[in-house]
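Below is one structure, written out as structure tokens, with a few remarks after it.
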Amino acid sequence: MFIEISRVSKSYRVGEVQICALKDLSLQLEKGGLYVILGPSGSGKTTLLNILGGLDSPDSGEVSIDGEEITSFDPRGLTLYRRRKVGFVFQFYNLVNSLTVMENVLSTKYLSQDGLDPEEVLKKVGVWEHRDKFPYELSGGEQQRVAIARAVVKNPALILCDEPTGALDFENAKRVLELLEEVNRDFKTTIIIATHNVAISSMSSIIMRLRSGELVEFSPNPRPVPAREVSW
Ligand SMILES: Nc1ncnc2c1ncn2[C@@H]1O[C@H](COP(=O)(O)OP(=O)(O)OP(=O)(O)O)[C@@H](O)[C@H]1O
Ligand SMILES: [Mg+2]
């Protein structure tokens with residue numbers, strides 16, 4: 001299995017209160033899939049993505065990605081793992097505002113050893129003509145497509161998307177979903193999208209639902225819906 005999560009728990013301490021973000025969570029996912037994790041606000045989606053991406057560590061349990069047990073890595077090991085293996089796409093794009101579109105993409109290309117051609121990737125996401133602009137000169141949808149280019153150019157094994165359409169209108173959200181689908185198909189990148197939008201979960205080859213830090217549903221979806229047919 002490409003992703004193996006075994007009995008992962010994570011809680012946060014806020015003052016006197018202990019908040020349990022993930023409770024004894026286990027799941028396995030195959031390489032090359034497009035997966036959606038559905039759950040309401042506070043259900044643990046971001047916590048789970050952060051652990052998968054090596055941005056955070058669980059209190060207990062093990063996580064293996066592509067045969068490497070990342071939960072045994074020290075901070076340096078986790079940094080290398082993040083650089084080489086993972087691309088991130090966030091709700092609010094997180095582009096570097098003082099860098100142009102091309103520079104944003106180049107900034108992550110150099111983190112990986114076998115990055116893709118930035119020109120090819122910028123053309124693929126449809127922002128090649130904007131390559132010399134700064135992020136604030138682009139619409140939200142265009143910025144998110146640059147953010148996807150920045151994740152894809154590293155040619156990572158895994159792309160983690162945290163509410164990637166949360167700040168976009170319907171048309172732009174659809175475009176972003178179609179693009180993620182295309183990346184999954186063309187580059188065989190395993191993609192995980194976290195969202196509270198139930199319509200988006202129909203794209204997933206496995207229906208996964210989190211509630212209060214627990215995986216309350218994990219069932220194969222025999223007929224994933226193409227992004228262009230997703231509607232809400
Ligand atoms: N750094 C933190 N410090 C304290 N509590 C946290 C922290 N990160 C998350 N939590 C808590 O853990 C729980 C799960 O949070 P998480 O951000 O994973 O949920 P989410 O499903 O991503 O929610 P949303 O849809 O609102 O983004 C919540 O109760 C949240 O308040
Ligand atoms: Mg979140």
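We number each residue from 1, following the sequence as shown. Indexing begins at 1, ligand by ligand and atom by atom, following the structure's order.
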Report the C-alpha distance between Arg175 and Glu171 in whole Å, list the side-chain angles of each, state the deciding distance to 0.1 Å, and finish with yes or no for salt bridge (charged side-chain N to carboxylate O under 4.0 Å, His left out).
CA-CA 6 Å; Arg175 242 188 120 177; Glu171 288 308 321; over 6 Å; no
Only pairs under 3.5 Å count here: list side-chain donor-acceptor contacts from residues 53-64, not counting sequence neighbours, and write none if there are none.
residue	atom	partner	partner atom	Å
Asp56	OD1	Lys10	NZ	3.3
Asp56	OD2	Tyr12	OH	2.9
Asp59	OD2	Ser11	N	2.7
Asp59	OD2	Ser11	OG	3.3

So, Thr46 and the Mg ion (ligand 2): N/O/S under 2.8 Å, yes or no?
yes
Do Lys124 and Glu120 sit within salt-bridge range, that is, some charged N less than 4.0 Å from a carboxylate O?
no
So, does Glu68 use its side chain to make a donor-acceptor pair with the main chain of Tyr81 at under 3.5 Å?
no
Evaluation steps, salt bridge (charged side-chain N to carboxylate O under 4.0 Å, His left out), between Asp162 and Lys45:
CA-CA 8 Å; Asp162 197 353; Lys45 303 183 296 294; over 6 Å; no
Looking at Arg13, I want to see if its CZ is surrounded by more than 12 non-hydrogen atoms of other residues, nucleotides or ligands under 6.0 Å.
yes
Let me know which protein residues bring a heavy atom to under 4.0 Å of ligand 1; chain then number is fine for ordering.
Tyr12, Val14, Ile19, Ala21, Pro40, Ser41, Gly42, Ser43, Gly44, Lys45, Thr46, Thr47
